[in-house]
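Just below is one structure, and these are the notes that go with it.
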Amino acid sequence: MSDNVMTRSRHSTERSGWRKRFVAGVKRSWPWYILMLPAIVAFAIFCYWPMYGILMAFVDYSPTKGILGSEWVGMEHFKRFLNYPDFWVMIKNTLRITLYSLATFPCSIIFALILNEISNLKFKKTVQMVTYAPHFLSEVVLCSLVLLFLDRSVGPINNIIEALGGTRVDFISNPDYFASIYVWSGVWQGLGWGSILYISALSSISPELVEAAKIDGAGRFRIIWNVNIPGILPTIIITFIMSTGGLLSVGYSKIYLLQNDLNRSASNVLATYTYEIGLLGGQYSYSTAIGLFNTLCNIAILLIVNAVVKKVSDIGIF
């Protein structure tokens with residue numbers, strides 16, 4: 001009996017000591033906590049409070065009854081989605097685009113390595129400015145430029161093809177070209193902006209390592225392979241893992257702007273279907289279930305890729 005009393009007393013003392021240390025720490029660093037408060041509040045409101053809406057996926061939501069007042073249907077919306085006739089078509093289209101985009105992942109790395117080798121500072125800054133600029137274009141402007149450049153009648157691309165003796169091609173209406181148009185327009189828009197992280201990582205590599213490699217007789221490509229790439233490898237791995245966490249996520253707006261009735265067989269993805277049935281069709285519970293399914297799949301892929309990469313390279317997100 002006495003042992004139990006002593007144990008409870010010790011635990012009570014430890015809790016009391018922890019509270020005192022916590023209060024003392026808050027009093028000592030209260031200005032920092034005040035600075036953190038707006039970010040914490042914003043994070044709670046915009047990131048955690050919306051999670052309450054996940055319940056909508058398990059009810060037959062009615063705006064007049066609210067989420068808690070609506071009829072509970074369990075997994076019915078998920079079953080409906082899995083039995084949808086075009087389910088596997090949308091999954092295939094989504095994965096085709098996202099895996100294609102993932103295959104272009106090295107483009108920003110290669111571009112950063114090339115920029116790092118340019119010694120002419122003025123030329124380097126000019127190239128950076130030109131390649132950063134497309135990032136600031138809205139998707140509406142970007143898609144308008146894509147449609148203009150690829151127009152069958154007056155588009156510059158078709159003008160060049162015809163000048164070289166070829167036949168004009170209706171790129172936008174051909175489903176076979178849709179994934180390439182989507183992905184490479186994204187590469188053009190994000191190439192410069194995506195290289196910023198790697199350029200920053202390259203700047204942190206010790207010049208002494210580069211000089212030592214030069215003394216040992218290493219050429220430019222050998223220095224890139226044995227010094228620069230290993231130096232930014234942790235950054236590459238982390239960004240790659242984060243990229244795989246969105247394999248089933250494709251932004252609907254760009255696809256929606258490039259989509260038409262002729263290329264719908266290749267452009268109908270999860271995001272556009274969710275937009276159409278959710279916002280346009282008013283089936284909020286069903287669209288929420290699809291969004292939750294998408295999110296859970298992305299989380300599972302992220303965890304699997306992180307575990308595999310960490311086992312191979314000992315570098316991971318967690």
Side-chain angles (χ1 to χ4, degrees), residues 36 39 43 47 95 97-121 123-137 139 142 182-216 218-251 254 295 297-318:
M36 290 170 57
F43 200 80
C47 295
L95 287 177
I97 293 173
T98 53
L99 289 174
Y100 195 164
S101 299
L102 194 62
T104 63
F105 175 78
C107 290
S108 293
I109 302 170
I110 295 171
F111 183 68
L113 291 170
I114 293 172
L115 278 181
N116 189 60
E117 296 299 313
I118 297 176
S119 57
N120 188 324
L121 188 59
F123 177 71
K124 182 177 181 179
K125 288 184 177 294
T126 302
V127 171
Q128 286 179 303
M129 182 186 68
V130 171
T131 54
Y132 292 171
H135 171 78
F136 299 98
L137 296 176
E139 288 189 334
L142 173 69
Y182 180 92
V183 171
W184 288 108
S185 62
V187 171
W188 171 72
Q189 185 180 26
L191 181 66
W193 189 260
S195 66
I196 293 176
L197 184 63
Y198 304 111
I199 293 172
S200 300
L202 285 167
S203 65
S204 65
I205 296 176
S206 174
E208 295 177 358
L209 293 175
V210 178
E211 292 299 325
K214 289 180 179 179
I215 292 172
D216 289 339
R220 179 169 291 184
F221 290 103
R222 183 60 65 182
I223 291 173
I224 292 173
W225 185 257
N226 290 332
V227 179
N228 292 345
I229 292 180
I232 64 173
L233 189 60
T235 304
I236 294 174
I237 291 175
I238 295 299
T239 52
F240 174 77
I241 294 173
M242 296 297 291
S243 298
T244 59
L247 277 183
L248 286 180
S249 296
V250 181
K254 184 178 176 182
T295 301
C297 289
N298 285 333
I299 291 173
I301 294 170
L302 177 66
L303 294 175
I304 293 170
V305 172
N306 181 73
V308 172
V309 171
K310 190 171 184 179
K311 190 172 183 179
V312 172
S313 64
D314 201 31
I315 300 174
I317 299 175
F318 42 81

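If you read the sequence from its start, that first residue is 1, and numbering goes on from there.
Note on residues 304-315: no pairs pass side chain to side chain donor-acceptor pair (under 3.5 Å), not counting sequence neighbours. Evaluation of the salt bridge (charged side-chain N to carboxylate O under 4.0 Å, His left out) test over residues 184-194, restricted to residues two or more places apart or in two chains, returns none.
Rounded to the nearest 0.5 Å, atoms CG (L113) and CD1 (I199) are 9.5 Å apart. Distance check: N226 CG to F221 CZ gives 13.5 Å after rounding to the nearest 0.5 Å. Note that the CD1 atom of I109 and the CZ atom of F240 stand 10.0 Å from one another [nearest 0.5 Å]. Atoms CH2 and CG, on W188 and L142 in that order, are 6.0 Å from each other to the nearest 0.5 Å. Here CG of L202 is found 4.5 Å from CG of N116. Values are rounded to the nearest 0.5 Å. Remark: I299 CD1 to I304 CD1 distance equals 12.0 Å, nearest 0.5 Å.
The two atoms that bring L209 and V227 nearest to each other are CB-CG1, 4.1 Å, heavy atoms only. T235 approaches A201 most closely through the heavy-atom pair OG1-CB, 3.8 Å. Across I229 and W225, no two heavy atoms sit closer than the pair CD1-CE3, 3.8 Å. The shortest heavy-atom contact between G316 and I238 is O-CD1, 3.5 Å. Heavy-atom minimum distance, E117 versus N228: OE2-ND2, 3.5 Å. Considering every non-hydrogen atom in both L248 and C297, the closest pair reads CD1-CB, 3.3 Å.
In terms of modelled atom types and a separation under 3.5 Å, the side chain of K254 and the main chain of Y182 share a donor-acceptor contact. Listed for the Q128 side chain is no donor-acceptor partner under 3.5 Å among the backbone atoms of G192. At distances below 3.5 Å, not a single donor-acceptor pair connects side-chain atoms of S195 with backbone N or O atoms of A112.
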Under the side chain to side chain contact (heavy atoms under 4.5 Å, CB included) criterion, do C107 and T104 qualify, and how do the steps go?
CA-CA 6 Å; C107 290; T104 63; 4.1 Å; yes
Set out, in order, the CA-CA distance, both residues' side-chain angles and the distance that settles side chain to side chain contact (heavy atoms under 4.5 Å, CB included) for F111 and V127, then state yes or no.
CA-CA 11 Å; F111 183 68; V127 171; 3.9 Å; yes
Step by step, work out the side chain to side chain donor-acceptor pair (under 3.5 Å) result for Y198 and T239.
CA-CA 10 Å; Y198 304 111; T239 52; 2.9 Å; yes
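Looking only at atom types and distance, the side chain of S119 has no donor-acceptor partner in the side chain of K124 under 3.5 Å away.
Under the salt bridge (Lys or Arg N to Asp or Glu O under 4.0 Å) criterion, R222 pairs with no residue at all, not counting sequence neighbours.
Between H135 and W193, the two ring planes are parallel [angle under 30°; tilted spans 30° to 60°].
Counting only heavy atoms from C-beta outward, the side chains of N298 and T244 never approach each other to under 4.5 Å.
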